[in-house]
Amino acid sequence: MALDNTWRTRKQCAVVWLDIPNTFGSVPHHHILGTLRELGLPEDIIDLVQELYNSCTITIQSTKGETDKISIQSGVRQDCPLSPIIFNLAMQPFLQAVVGGCGRLNLYDQKLSILTYANNLILLTNTAAQMQQMLDVTSEAARWMGLCFSVAKCTSLFIDGRKKSHILESTLTIQGQAMRHLHDGKVYCHFGMPTGHQTTFIFISRDYRR
């Protein structure tokens, strides 16, 4: 019996979820200013940002009194309306380096390689070999930017729709450390939403109306 067209078009898919802890507080100030210049922003805008980040200090109040001023060399300013924009601009070289690597997943006629939200990244490729190459590029770009991944919160999933057992084994590493690999029935919680292969979710809703 011939296979149906849906089965014939099934291909491989490698997915990796990456977590960068304390991203907003980890971006070095020199990287922020260097990136703004590389992106070609006007000098008066760069001078304004530099004024915000020059000589940033913090003091800590303890039972023995207030400490001396502690210099802050990284992180965007809290409660500053410019911080989200500055952070997104500072992340551009990192994201461009990752996107420029090999491998893209064709998903509904769109070729995707990375999805991002704040400090969470999702990498997409066709094969585990391509994924490891992308992870190597990601590791180097993060090292250059001064960022580190939380390996305990990083997870991979490798699916081959052409095989009877869809989940394939893979040992993928980020910054030299092996990450957890999902098997059938196991999930990764991405922003509270469990994601995996061959999983069963039970949602319970409660009516609090009286």
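What you see below is based on every heavy atom in this structure, not just the backbone, and it leaves out hydrogens, waters and symmetry mates.
You'll find the side chain of Ile114 stays beyond 4.5 Å of the side chain of Leu124, heavy atoms only. Counting only heavy atoms from C-beta outward, the side chains of Met179 and Leu135 approach each other to under 4.5 Å. The side-chain heavy atoms of Thr138 and Phe149, taken from C-beta on, include a pair separated by under 4.5 Å. Residues Ile174 and Val151 are in side-chain contact: their nearest non-hydrogen atoms beyond the backbone lie under 4.5 Å apart. Contact check for Ser26 versus Met145: no side-chain heavy atoms found under the 4.5 Å cut-off. For the pair Gln133/Gln130, no side-chain contact is recorded, criterion being any heavy-atom separation below 4.5 Å from C-beta on. Proximity of Val98 to Leu123: side-chain heavy atoms (C-beta onward) are separated by under 4.5 Å at one or more points. Here the side chains of Leu172 and Met131 are in contact, with some heavy-atom distance below 4.5 Å.
If you chain together hydrophobic residues whose side chains sit under 4.5 Å apart, Leu82 and Phe24 fall into the same group. In the hydrophobic clustering of ILVMFWY residues, with side-chain heavy atoms under 4.5 Å counting as a link, Trp144 and Met134 come out together. Under the 4.5 Å side-chain heavy-atom criterion for ILVMFWY residues, no single connected hydrophobic cluster contains both Val76 and Ile72. Hydrophobic cluster membership is shared by Tyr53 and Ile85, with clusters built from Ile, Leu, Val, Met, Phe, Trp and Tyr side chains linked at under 4.5 angstrom. No single ILVMFWY cluster, assembled from side-chain heavy atoms under 4.5 Å apart, contains both Leu48 and Leu39.
Under the side chain to side chain contact (heavy atoms under 4.5 Å, CB included) rule, Thr116 has a single partner from Leu18, Asn88, Leu121, which is Leu121.
For the pair Pro28 and Ser74, the tightest heavy-atom approach, listed with the atom from each and the gap, is CA-CB, 3.8 Å. Looking at every heavy atom in both residues, Val137 comes nearest to Ala97 through CG1-O, 3.3 Å. Nearest approach of Thr35 to Ala90, heavy atoms of both residues: CG2-CA, 4.0 Å. Closest non-hydrogen pair, Phe94 versus Ala142, comes out as CE1-N, 3.6 Å.
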Worked check of side chain to side chain contact (heavy atoms under 4.5 Å, CB included) between Ile32 and Phe87: CA-CA 8 Å; Ile32 292 174; Phe87 175 80; over 6 Å; no
Run Val49 and Leu33 through side chain to side chain contact (heavy atoms under 4.5 Å, CB included) and show every step you take. CA-CA 8 Å; Val49 175; Leu33 297 173; 4.0 Å; yes
Gln132 vs Thr173, side chain to side chain donor-acceptor pair (under 3.5 Å): CA-CA, chis, key distance, verdict: CA-CA 7 Å; Gln132 186 56 62; Thr173 61; 3.3 Å; yes
Trp17 and Leu182: CA distance, side-chain angles, deciding distance, side chain to side chain contact (heavy atoms under 4.5 Å, CB included) verdict: CA-CA 11 Å; Trp17 294 268; Leu182 289 183; 3.9 Å; yes
Between Gln73 and Ser71, is the side chain to side chain contact (heavy atoms under 4.5 Å, CB included) condition met? List the steps. CA-CA 6 Å; Gln73 302 294 328; Ser71 178; 2.5 Å; yes
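Side chain of Thr67 to backbone of Ile60: a donor-acceptor contact under 3.5 angstrom is found. Judged by distance alone, the side chain of His29 and the main-chain N or O of Gly75 form a donor-acceptor pair under 3.5 Å. Within the 3.5 Å criterion, the main-chain N or O of Leu52 finds a donor-acceptor partner in the side chain of Arg77.
Summarising the geometry, atom CD belonging to Gln177 is positioned 9.5 Å from atom OG belonging to Ser150; distances are rounded to the nearest 0.5 Å. Atom-to-atom distance recorded for Ile58:CD1 and Asp68:CG is 13.5 Å, nearest 0.5 angstrom. Here the CG-CD1 distance, from Asn120 to Ile20, works out to 8.5 Å after rounding to the nearest 0.5 Å. Lys153 NZ to Asp19 CG: the interatomic distance, rounded to the nearest 0.5 Å, is 5.0 Å.
The local environment of CG in Asp44 is crowded, with over 12 non-hydrogen atoms from other residues, nucleotides or ligands closer than 6.0 Å.
The side-chain contact (heavy atoms from CB on, under 4.5 Å) test applied to Glu43 returns Arg37, Ile46, Asp47, not counting sequence neighbours.
With hydrogens and angles left out, the side-chain atoms of Thr59 and Glu66 include a donor and acceptor closer than 3.5 Å.
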